[in-house]
Amino acid sequence: MLSKLTACLLFLLLVIIVASGCDQGDKKVVLRYKYIPGLTLSYEQTFNRSVKVIEDDSVINDYSSDYRATIIQEITDIYDDGSTALTELDTWFYKVPSKEDTTVMEEHEFKRELKLKVRPDGKVLDIEFPDKESRSSVAYIKNIYEQGMPVFPSEEITPGYNWTQTTKVMLPNGIMEASTTYKFQSIARESGYDCAIIECDGNLVIPVEEEPSDSLMRTGIDHIQTTGKLYFAFKEGIVVLQRERWIVDGDRTKKIRGVETDYKVALEIDTEFKLVERSIVP
């Protein structure tokens with residue numbers, strides 16, 4: 001009887017110890033990108049989106065499409081202020097009907113290169129496009145980076161910690177605020193890495209500027225609601241996985257033969273961004 005009681009007490013003690021060891025409340029981490037020259041990160045990204053274009057309360061276009069992309073990031077330099085020079089090559093793959101047979105879908109690809117200057121906390125300081133890119137696209141992408149990229153806290157944080165980033169957006173008729181709240185949810189293993197899981201919930205305000213080459217002279221504002229999770233390997237200082245859902249409510253204007261017409265664009269986008277390979281060349 002005594003031995004049985006002792007065994008029960010030992011088992012209970014073991015459960016308490018194990019349970020205490022699994023408590024993440026006291027686990028402190030510092031979230032920082034740990035970029036070094038020679039580091040190359042390869043990612044795969046998928047997009048599933050549905051689009052509706054609405055004019056005069058009528059749906060004039062309604063379709064769904066899937067895309068995939070490969071993203072290769074190379075660290076080329078570390079500046080004296082600690083920021084990083086990063087070159088990113090994106091290759092997008094998409095399908096369109098064949099010119100010879102519209103019932104057959106052909107895969108095409110589109111490449112784009114970016115050069116970024118990034119601080120260790122994730123703040124994007126500068127973006128350059130070595131190849132020719134439309135003015136409106138450049139402005140749109142820069143706004144996405146400025147409003148939608150998390151800037152990590154300077155201090156150590158524990159699960160349950162949250163912070164909010166707010167950006168003032170200049171619009172033709174005034175200033176609006178865009179904000180995203182991030183929460184350090186927990187720590188978990190993902191693809192062989194110890195990751196901090198960061199939840200995001202934000203509202204972006206992205207101006208759509210007129211592009212000189214656009215015959216319809218389209219302009220407007222996209223209001224984007226974002227939700228998702230970021231899996232950040234805090235020991236290695238890299239993104240391992242990111243899943244996001246975007247709901248876009250776009251107010252647009254187009255001009256045909258001098259006559260302006262208002263219309264709306266409604267998009268739902270689900271995307272996954274996943275690390276495929278991490279390599280370092282001395």
Side-chain angles (χ1 to χ4, degrees), residues 45 47-67 69 88 90 92 94 96 108-117 123-151 165-180 200-228 244-271:
Q45 189 164 16
F47 296 84
N48 302 304
R49 72 172 187 170
S50 61
V51 183
K52 285 185 180 180
V53 181
I54 304 165
E55 188 176 317
D56 293 330
D57 296 325
S58 298
V59 177
I60 62 174
N61 208 345
D62 186 354
Y63 65 94
S64 298
S65 58
D66 298 330
Y67 297 85
E88 178 176 302
D90 304 337
W92 303 79
Y94 59 97
V96 296
H108 292 251
E109 67 177 52
F110 166 75
K111 292 181 181 289
R112 180 177 63 201
E113 185 177 342
L114 308 175
K115 291 184 180 294
L116 300 98
K117 183 178 181 181
K123 175 69 174 178
V124 177
L125 302 175
D126 191 28
I127 307 175
E128 296 180 1
F129 296 82
D131 298 327
K132 187 177 180 181
E133 189 83 21
S134 69
R135 185 186 68 186
S136 60
S137 294
V138 169
Y140 200 98
I141 293 168
K142 286 186 174 181
N143 270 294
I144 289 290
Y145 270 96
E146 182 178 2
Q147 298 180 33
M149 288 286 289
V151 179
Q165 292 175 204
T166 302
T167 306
K168 294 186 182 298
V169 185
M170 299 295 296
L171 300 173
N173 58 349
I175 298 175
M176 291 189 69
E177 283 193 348
S179 67
T180 300
C200 72
D201 188 348
N203 291 283
L204 314 184
V205 181
I206 311 295
V208 180
E209 298 183 4
E210 182 181 319
E211 176 56 44
S213 62
D214 181 8
S215 61
L216 296 180
M217 303 173 66
R218 285 167 287 200
T219 58
I221 301 172
D222 281 350
H223 297 270
I224 305 175
Q225 180 185 348
T226 65
T227 55
E244 285 188 297
R245 179 170 176 79
W246 287 22
I247 298 177
V248 183
D249 182 10
D251 295 313
R252 305 288 180 87
T253 300
K254 61 184 177 181
K255 188 179 292 186
I256 303 176
R257 293 186 291 275
V259 178
E260 290 189 350
T261 302
D262 294 331
Y263 65 101
K264 288 185 174 292
V265 177
L267 297 92
E268 294 186 5
I269 304 170
D270 292 290
T271 179

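The residues of the chain are indexed from 1 along the displayed sequence. Reckoned from all heavy atoms, side chains included, excluding hydrogens, waters and symmetry mates.
- Atom-to-atom distance recorded for M217:CE and E260:CD is 8.0 Å, nearest 0.5 angstrom.
- Closest heavy-atom contact between K142 and I127: CE-O, 3.6 Å.
- Atom-to-atom distance recorded for R245:CZ and Q225:CD is 9.0 Å, nearest 0.5 angstrom.
- For the atom pair CG (N203) and OG1 (T166), the distance works out to 11.0 Å, reported to the nearest 0.5 Å.
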Would L116 and E88 satisfy side chain to side chain contact (heavy atoms under 4.5 Å, CB included), going step by step from the backbone distance to the final call? CA-CA 8 Å; L116 300 98; E88 178 176 302; 4.3 Å; yes

Side chain to side chain contact (heavy atoms under 4.5 Å, CB included) between Q165 and V151: does it pass, once the steps are laid out? CA-CA 8 Å; Q165 292 175 204; V151 179; 3.6 Å; yes

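- Salt bridge K117/E128: absent, no basic N to carboxylate O contact under 4.0 Å.
- No side-chain heavy atom of T227 sits under 4.5 Å from any side-chain heavy atom of C200.
- Shown are T219, D222, I221; of these, the side-chain contact (heavy atoms from CB on, under 4.5 Å) with V208 is made only by D222.
- Between the side chains of S136 and E211, at least one donor-acceptor pair of N or O atoms lies under 3.5 Å.
- Using a 3.5 Å distance cut-off with no hydrogens or angles, the side chains of T253 and D262 do pair a donor with an acceptor.
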Under 3.5 Å donor-acceptor pairs involving side-chain atoms of residues 54-66, not counting sequence neighbours:
from : atom 1 : to   : atom 2 : distance (Å)
E55  : OE1    : K254 : NZ     : 3.1
S65  : OG     : R49  : NE     : 3.0

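- No side-chain heavy atom of K123 sits under 4.5 Å from any side-chain heavy atom of Y145.
- No donor-acceptor pair under 3.5 Å is formed between the side chain of Q147 and the backbone N or O of L204.
- Counting all heavy atoms, side chain and backbone alike, W92 lies closest to A69 at CE3-CB, 4.0 Å.
- In this structure the side chain of F129 reaches within 4.5 angstrom of the side chain of I141, judged on heavy atoms.
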Would K111 and E113 count as a salt bridge (charged side-chain N to carboxylate O under 4.0 Å, His left out) if you check the C-alpha gap in whole Å, the side-chain angles of each, and the deciding distance to 0.1 Å? CA-CA 7 Å; K111 292 181 181 289; E113 185 177 342; over 6 Å; no

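- A distance of 11.5 Å separates CD1 of I269 from OG1 of T226, quoted to the nearest 0.5 Å.
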If you apply the rule side chain to side chain contact (heavy atoms under 4.5 Å, CB included), what do you find for Q45 with T271, and how did you get there? CA-CA 7 Å; Q45 189 164 16; T271 179; 3.1 Å; yes

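- Note on ring orientation: taking the six-membered ring where Trp is involved, the planes of Y94 and H108 are parallel (angle under 30°, cut-offs 30° and 60°).
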Could you please spell out the steps behind the salt bridge (charged side-chain N to carboxylate O under 4.0 Å, His left out) verdict for E210 and R135? CA-CA 8 Å; E210 182 181 319; R135 185 186 68 186; 6.0 Å; no

Applying side chain to side chain contact (heavy atoms under 4.5 Å, CB included), run through I206 and I224 and close with a yes or a no. CA-CA 8 Å; I206 311 295; I224 305 175; 3.8 Å; yes

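- Within the 4.5 Å cutoff, no side-chain heavy atoms of V265 are placed close to those of K52.
- Closest approach of G202 to T180, counting heavy atoms only: CA-OG1, 3.6 Å.
- Salt bridge status for K264 with D251: present, with a side-chain N to carboxylate O gap under 4.0 Å.
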